[in-house]
Amino acid sequence: MSHEIAVCMPRIDDQVQRDVINAIVSASEKDARFADSHFYIFATYSDIVGPTEILKGELKVFGIIDHLNIDALLVFPERFYWDEEMKEIIAAAKEKNVPVLSIGKVISEAASIKYGMGSSISDIVSHVIEKHGCKYINFIAGKKMHEATDDRLKMFKETIAKYGLPDEPERIGWGEFWDYPTELVMDKFYKSKLPFPQAIICANDVMAITAIDSLRMHGYKVPKDVIVTGFDGIDMERFHNPRLTTAVLDYKTLAKKVLDYIDDMCSGREIPQESTVDFIKRISESCGCTMEETPDNYQLASLWKEVSCDLGFSDEVTRMSSSLQLKGSFDKILSSIGDFFNHIYTQHLWVCLFSDYVTGLSDDVKYSENTITDTVYSALEKHGEGNIFTFADKTFPLADVIPEKKYGDKEFRHVTVFPLHYNDVVYGYVAADTEIEHINMFQLRALSMHLGFVCERISNFKYMEAINKHLEKTSFYDSMTGLMSRNGYYSLTKKMIEPQLSQNKFLVIISADLDNLKDINDKFGHACGDKAIKIVADALYQYIGKDGIAARFGGDEFVGLRLFDESPDSFVQKFSEGFSCTIADMVEENDLEYNVSASFGIISLLTKNLPSLEEGIKSADVLMYAQKRAKKRAGRSTGPY
C-alpha cells in the first residue's frame with residue numbers, strides 16, 4: 001500500500017523530534033503497509049515563537065504542504081509557541097479532507113499521541129532504593145508551576161513515601177531545567193544540615209550532568225559516593241562519563257502507534273482521539289550498574305567528528321557565499337555553487353527555486369513576490385560523490401516535491417525539506433534524501449541559510465544591473481531620438497575613436513543642424529518640433545549606422561563619426577548627395593504639413609593628421625554654418641511654410 005505523508009516539524013535539530021521521526025521512518029521501511037510510501041518532512045531551523053520577519057520566511061516551507069496531494073499530515077506541536085500558525089496549517093489540511101495527527105502533545109484540532117512519564121520516575125527511584133540501598137535521596141525539579149515538573153515531583157514523593165522515606169523540603173531544589181539554577185541548588189545541598197544525599201534524582205539530563213560536574217568539583221565521585229540520575233536521554237548524555245541512568249522515550253512503541261494511526265486514518269477506520277506513549281527507565285553507569293556501553297573513546301571520537309565537521313563545513317559554506325561571482329549568466333552562478341556540493345555529506349540533494357524567482361531575474365524589478373508557485377525549477381542536484389548537475393530550465397510540479405522519485409536503483413522514500421529564504425522573502429527550498437542526524441541536519445541548515453542569502457544577493461545584483469543599464473541608457477542615450485547623448489558621445493569616443501587616432505585610418509566627421517526649429521515650434525507646436533528633430537536624427541543614423549557614433553549634442557545639433565580602413569570618398573559623396581533627400585522622403589512618408597530640412601558639414605581625413613576630435617568637429621561646424629548661410633542668401637528658406 002502507498003501512503004503519501006507530510007510532516008510539519010519546527011526546529012528539526014530538537015533531539016527528541018529527530019529521534020521520533022527517525023524511528024517512524026525506520027519502522028515504515030519494515031512495515032508492509034508502507035511498502036511504497038513516501039514521507040516529506042518540512043522543517044524549520046527555529047522555534048516558532050511569533051511573526052518575526054525571519055520566521056515569516058521560514059514558515060513559508062509549511063505552505064508547500066498545501067500544494068501536495070497527501071494522505072496524512074503529521075504535526076509536531078511542541079516547538080510551535082505561536083499557535084495561530086499551527087492552527088492555520090491544520091485547518092488547510094482539514095479543508096482538503098486530509099487527516100492530521102499531532103505527535104508529542106495533545107491539541108484539540110487533531111488526533112494526538114502525547115508523551116507520558118509513565119512509571120519511569122518511580123522505576124528509577126525504586127531502583128536506587130532497592131538495588132543500591134539509598135535512604136537519603138534529593139530531587140532537582142524543573143520550573144515551578146510547570147506541568148512536567150509537577151508530575152515528576154509528585155511521582156518522586158509518592159515513591160519515597162511507598163518506601164517509608166520522609167518528605168523533607170530541604171531535599172527538593174528547583175533547577176529550572178538548565179545549568180546555572182542547578183548549580184545554585186547544589187550549593188544549597190552542600191550547606192544543608194541534613195545527611196548528604198546518597199542519590200540525586202533530576203527531572204532532566206541537563207540538570208543531572210550539571211549536578212555531576214558540581215559534585216566532582218567538590219570532591220565527590222559518581223556513582224561511588226553519590227548516585228545521579230536524569231530524565232529524557234539527550235544527545236549530550238552520550239558523550240558524558242559516566243553515562244546517565246535516565247528515562248528515554250519508548251521510540252519503538254511510538255513508531256508503531258504512529259503507523260497504526262496513519263493506516264487507520266487513511267483507511268477511514270475510527271481512531272482514538274488521544275493516546276499516550278511513555279518514557280521508560282534506562283539503567284546505565286551513573287547509578288553504579290554495569291551495562292554494555294559504547295567505549296568512551298568511541299563516543300569522544302564521535303563527538304570530535306561532529307564538532308570538526310560543523311566547524312569545517314561552516315568555513316566552506318561561508319567561503320562559498322562570500323567568494324561567489326555574480327557576474328555572468330545564471331547557469332554560471334549555479335555551476336560555481338555546485339562546485340561546493342562535494343563538501344556535503346548528503347548524497348542526494350536538490351536546490352529547488354520557485355518559478356517566479358527564476359523568471360524574475362530577467363525582469364527590471366527587484367524580486368519580492370514571496371509566493372509559492374506550482375512550477376519549480378530544479379536548479380542544482382547532487383546524486384553521489386562528484387555527480388553534481390546544474391540545470392537552467394529543468395522544471396517540475398511543486399506537488400512532486402522533487403523532480404524524480406528514483407535515481408538509478410535508489411528510491412527516495414523520505415525527503416527532508418528546508419526553506420530557502422532571506423528574511424521574509426522566500427525563493428524556494430532545499431530537499432535532501434538523507435539520514436536525519438546531527439551532521440547532515442547541521443550541513444543542510446547551514447547550506448539553506450547561506451543559499452537564501454546567495455539568492456538575495458543574486459536578485460539584488462540582477463536588479464542593480466538592470467538599474468545601471470537603465471541609468472546608462474538615460475545618461476548615454478537621448479530619450480527622444482535614441483541617438484547617443486553628449487555624455488554618451490564622449491564616453492564612446494574614448495573607447496572607440498581615440499585609441500585609433502594614432503593609426504593610419506580615415507575618419508569622417510559630420511556636423512548637422514536642424515533648420516528653423518523655432519519657427520516649427522512657434523507655428524505648429526513643440527510636438528511637431530520634436531518630430532522634426534527625430535526625423536533628422538533617424539536620417540543621420542541611416543548613414544552612420546551601428547559601426548559609427550551618431551549623437552544629439554543639443555536641442556537641434558547633431559554629430560556623426562565613422563572610421564574607415566580605406567578612403568571614405570564614396571561615403572562622403574553618398575551622404576552629401578542623399579542626406580537632404582532622405583529627410584524629404586521621411587517628411588513625405590509621415591505626411592507632415594510642414595517642411596523639415598537640415599544644414600550639414602562633412603569632412604574626412606587621416607586620423608594621424610587629426611590634432612583632436614574637437615578640432616575636427618569645429619572644422620565640420622564651419623562647413624555646416626557656411627551651408628546654412630548660403631541657403632539664406634540663395635533665398636532657399638528652409639522655414640516650415
Side-chain angles (χ1 to χ4, degrees), residues 14-20 22-23 76 78 103-106 113-132 134 137-143 146-160 162-163 172-179 182 185 197-212 222-223 226-257 275-294:
D14 175 273
Q15 182 207 329
V16 172
Q17 293 189 151
R18 195 177 69 216
D19 291 346
V20 168
N22 277 333
F76 286 76
E78 192 68 30
I103 300 176
K105 184 178 177 181
V106 174
I113 300 176
K114 67 177 182 178
Y115 306 146
M117 185 173 57
S119 62
S120 52
I121 290 288
S122 179
D123 293 342
I124 290 172
V125 176
S126 297
H127 176 78
V128 301
I129 294 172
E130 294 178 5
K131 177 74 174 177
H132 300 285
C134 297
I137 306 173
N138 288 18
F139 187 82
I140 302 181
K143 296 179 179 179
H146 185 280
E147 183 180 357
T149 294
D150 295 343
D151 290 345
R152 293 169 198 181
L153 179 57
K154 180 182 177 184
M155 184 169 286
F156 168 77
K157 289 184 175 183
E158 289 174 349
T159 306
I160 62 172
K162 184 177 72 173
Y163 287 94
I172 308 296
W174 305 90
E176 300 185 14
F177 294 125
W178 63 293
D179 51 8
T182 302
V185 170
Q198 297 165 312
I200 300 175
I201 310 298
C202 300
N204 78 349
D205 287 352
V206 170
M207 296 189 296
I209 290 170
T210 303
I212 292 173
V222 178
V226 183
I227 289 171
V228 178
T229 68
F231 188 99
D232 59 24
I234 62 172
D235 273 350
M236 188 189 305
E237 182 276 326
R238 291 190 296 123
F239 308 110
H240 194 264
N241 186 15
R243 294 286 302 272
L244 291 178
T245 289
T246 186
V248 296
L249 192 59
D250 187 349
Y251 293 106
K252 184 176 180 180
T253 299
L254 175 61
K256 184 179 184 308
K257 184 164 287 191
S275 184
T276 303
V277 173
D278 291 328
F279 278 76
I280 56 176
K281 173 185 69 177
R282 189 190 71 194
I283 301 301
S284 190
E285 299 170 338
S286 68
C287 69
C289 291
T290 302
M291 300 293 292
E292 292 184 6
E293 299 292 342
T294 306

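Treat the numbers as computed from the prediction; the structure is a model and nothing was measured. We number each residue from 1, following the sequence as shown.
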State the [atom1]-[atom2] distance between [X] and [Y], to the nearest 0.5 angstrom.
X	Y	atom1	atom2	value
Lys114	Leu254	NZ	CG	14.0 Å
His240	Thr246	NE2	OG1	12.0 Å
Asn138	Cys202	CG	SG	9.5 Å
Asp19	Asp235	CG	CG	6.5 Å
Ile172	Trp174	CD1	CH2	7.5 Å
Cys289	Lys131	SG	NZ	5.5 Å

Would you name the heavy atoms of [X] and [Y] that are closest together and state the gap between them?
X	Y	value
Ala208	Gly230	CB-CA, 3.8 Å
Arg243	Glu285	N-OE1, 2.8 Å
Val206	Asp179	CG1-N, 4.1 Å
Ile140	Ala211	CD1-CB, 4.3 Å
Lys162	Ser126	NZ-OG, 4.1 Å
Ile137	Ile201	CG2-CG1, 3.6 Å

With the side chain counted from C-beta on, respond yes when [X] and [Y] share a heavy-atom pair under 4.5 Å apart, and no when they do not.
X	Y	result
Phe177	His146	yes
Phe279	Asp232	yes
Asn22	Tyr251	no
Phe76	Asp14	no
Leu244	Ile212	yes
Arg282	Glu237	yes
His132	Pro223	no
Met236	Ile209	yes

Of all residues at least two apart in sequence or in a different chain, which pass the salt bridge (charged side-chain N to carboxylate O under 4.0 Å, His left out) check with [X]?
X	answer
Asp150	none
Lys143	none
Lys256	Asp260

Before you tell me yes or no, could you show the steps for Glu176 and Thr149 under side-chain contact (heavy atoms from CB on, under 4.5 Å), namely the whole-Å CA-CA distance, both residues' side-chain angles and the distance that decides it to 0.1 Å? CA-CA 9 Å; Glu176 300 185 14; Thr149 294; over 6 Å; no
Got a sec, which residues hit side chain to side chain donor-acceptor pair (under 3.5 Å) with Glu130, two or more places apart in sequence or on another chain? Tyr163
Could you list the residues that satisfy side chain to side chain donor-acceptor pair (under 3.5 Å) with Asn204, not counting sequence neighbours? none
Any sub-3.5 Å donor-acceptor pair from [X]'s side-chain atoms to [Y]'s backbone N or O?
X	Y	result
Ser286	Pro242	no
Thr245	Ser284	yes
Gln198	Ile129	no
Ser120	Ile280	no
Asp205	Ile234	yes

Residues 151-160 side chain polar contacts: donor-acceptor under 3.5 Å, at least two apart:
residue	atom	partner	partner atom	Å
Arg152	NH1	Ala203	O	2.6
Thr159	OG1	Ser122	OG	3.1
Thr159	OG1	Met155	O	2.7

